[in-house]
Colleague: 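For reference, the structure I am asking about is given below.
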Amino acid sequence: MSSASPRGALVVVEGLDRSGKSSQCQILVDHLNQSGSKAQYVKFPDRSTPTGKMINSYLTGSAQQDDHSIHLLFSANRWEAIQSILQMLEFGMNIIIDRYSFSGAVYSAAKDNPNLGLDWAWACEVGLPKPDLVLFLDLSSEEAARRGGYGEERYETQQMQSRVRALFQDLFKRLPNVNLKQINAGCSIDDVATEIRTTFGRFVEQAKLERPPEKLQTLSA
Ligand code: FDM
Ligand code: MG
C-alpha cells in the first residue's frame with residue numbers, strides 16, 4: 001500500500017446505555033461501505049478474546065473483580081487490538097469504534113472508589129491512538145427511561161448512568177485536544193443518523209490525518 005493514499009479515519013462513538021451507539025455505528029459503517037469508502041465496525045469491550053471473556057463474566061455477574069483489576073482488563077482489551085486497528089487504518093479502512101477509552105475512564109471513576117479517580121483511570125489509556133473524531137450521543141436519563149429502562153448487567157442502573165453522564169463532561173473538559181462533537185440522541189434514529197453522516201462528511205473534507213495517528217495524552221488540570 002503506497003503511503004500516498006490516505007489512511008482511514010478513526011472515529012469513536014460514545015454515550016450512555018440506550019443512546020443508540022451500536023445502531024448508529026452500524027448505520028454509519030453501512031453508509032460508508034455503500035458509498036465507496038471502506039469502513040469497519042469495532043466494539044469495546046470485545047468480549048471474544050481471553051480478556052473480553054473475563055470482562056463478560058464480570059459484567060454479567062458470574063465473577064467478581066477488584067475495581068482496579070477490572071479497569072485494567074478493559075484497558076488491556078483495547079491495547080491488544082491496537083496493532084490490527086493501526087494496520088486497517090493504514091490500509092485506508094475507516095474504523096468506527098463503539099466505546100473506547102472515554103467509557104473506560106468514566107465507568108470506572110463513576111464507582112466512587114476513593115482510590116480510582118479520573119486521573120488514575122485515564123493513565124493506562126495514554127499512548128493509545130487518539131481518535132480523529134469523537135461523537136458523543138447525549139441522552140437525558142428521562143429519555144433513557146422512556147426507551148425501556150436498563151438491562152440486567154452491572155452498571156445498568158439509574159444512579160450509575162447519571163454519574164457516568166456527568167463524568168463524561170468532566171473528562172471531555174480535560175481533553176481540549178480531542179475533536180469532539182456532541183449530538184442530541186433524543187431525536188429519531190433517522191435524525192441522529194443524518195446528523196452523524198453530515199458531521200462525518202464535514203470532518204472528512206477538512207481532515208488532515210497524521211500517519212500514524214496522534215496518541216491520547218494525559219488529562220489537563
Ligand atoms: N465499559 C465499557 C467499561 O466499564 N469500561 C470500558 O472500557 C468499556 C469499553 O462496560 F456498561 C462498560 C460500559 C458498559 C459495559 O458495554 C458494557 P456495552 O457497550 O454495553 O457492551
Ligand atoms: Mg450495555
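Please read these numbers as outputs of a predicted model, since none were measured by experiment. In each ligand, atom 1 is the first atom listed, and ligand 1 is the first ligand listed.
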Colleague: If you have a sec, work out which protein heavy atom is nearest atom 7 (O) of ligand 1 and how many Å separate them, to one decimal?
Modeller: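 Here the closest protein heavy atom is R78 NH1, 2.8 Å.
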
Colleague: For ligand 1, which atoms have a heavy atom of G104 less than 4.0 angstrom away?
Modeller: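 Close to G104: 5 (N), 6 (C), 7 (O).
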
Colleague: Using the ring of Y150 (Phe, Tyr or Trp, six-membered ring only), decide whether R18 places NZ or CZ under 6.0 Å from its centre and within 45 degrees of its axis.
Modeller: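 Here R18 fails the 6.0 Å and 45° test against Y150.
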
Colleague: May I ask you to identify the nearest protein heavy atom to atom 20 (O) of ligand 1, giving residue, atom name and distance to one decimal place in Å?
Modeller: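 Result for atom 20 (O) of ligand 1: D17 OD1, 3.7 Å.
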
Colleague: Is it true that, when you exclude I189 itself, more than 12 heavy atoms of the residues, nucleotides or ligands shown sit nearer than 6.0 Å to its CD1?
Modeller: no

Colleague: At under 4.0 Å between heavy atoms, which part of R47 makes contact with ligand 1: side chain, backbone, both or neither?
Modeller: side chain

Colleague: Provide the number and element of each atom of ligand 1 under 4.0 Å from a heavy atom of F44.
Modeller: 9 (C)

Colleague: Would you call E14 and K21 a salt bridge, using N to O less than 4.0 angstrom?
Modeller: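 No, E14 and K21 are not salt-bridged.
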
Colleague: Is there a polar contact between ligand 1 and Y107, counting only N or O atoms under 3.5 Å apart?
Modeller: no

Colleague: What pair of heavy atoms forms the shortest contact from I27 to A193, and how long is it?
Modeller: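 Minimum heavy-atom contact is CG2-CB, 3.9 Å.
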
Colleague: For K215, does the NZ atom sit with more than 12 other heavy atoms under 6.0 Å from it, leaving out its own atoms?
Modeller: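 Atom NZ in K215 is not packed in, count stays at 12 or less.
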
Colleague: Students should be able to answer this: which protein heavy-atom is nearest to atom 18 (P) of ligand 1, and at what distance?
Modeller: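 The closest heavy atom on the protein side is K43 NZ, 3.4 Å.
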
Colleague: Does any N/O atom on E156 come nearer than 3.5 Å to any N/O atom on ligand 1?
Modeller: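 No, no N or O pair falls under 3.5 Å.
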
Colleague: Checking a contact table here: which protein heavy atom is nearest atom 1 (N) of ligand 1, and how many Å away?
Modeller: F74 CE2, 3.5 Å

Colleague: What atom name does the N, O or S atom of D17 nearest to the Mg ion (ligand 2) carry?
Modeller: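 Looking only at N, O and S atoms of D17, the one nearest the Mg ion (ligand 2) is named OD1.
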
Colleague: At less than 4.0 angstrom from any non-hydrogen atom of L59, what atoms of ligand 1 do you find?
Modeller: 10 (O), 15 (C), 17 (C)

Colleague: Given the rule in the ring-ring contact (aromatic ring centres under 6.0 Å, His included) test, do F136 and F168 qualify, once you have shown the distances and angles that lead to the verdict?
Modeller: CA-CA 9 Å; F136 181 71; F168 265 122; 4.8 Å; yes

Colleague: Taking 4.0 angstrom as the limit, do E143 and R146 come out as a salt bridge?
Modeller: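 Counted as a salt bridge, because a side-chain N and a carboxylate O are separated by less than 4.0 Å.
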
Colleague: Closest non-hydrogen protein atom to atom 16 (O) of ligand 1, residue and atom name please, with distance?
Modeller: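 For atom 16 (O) of ligand 1, the nearest protein heavy atom is R99 NE, 3.5 Å.
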
Colleague: Test D46 against N77 for side chain to side chain donor-acceptor pair (under 3.5 Å), laying out the working first.
Modeller: CA-CA 7 Å; D46 173 356; N77 188 246; 5.5 Å; no

Colleague: Heavy-atom distances under 4.0 Å are what count here, so tell me which part of D98 touches ligand 1: side chain, backbone, both or neither.
Modeller: neither

Colleague: I'd like to know if D17 pairs up with R99 as an ion pair, taking the criterion as any Lys NZ or Arg NE/NH1/NH2 lying under 4.0 Å from an Asp or Glu carboxylate oxygen.
Modeller: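 Counted as a salt bridge, because a side-chain N and a carboxylate O are separated by less than 4.0 Å.
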
Colleague: Only heavy atoms of P45, strictly under 4.0 Å: list the atoms of ligand 1 that pass.
Modeller: 2 (C), 9 (C), 16 (O)

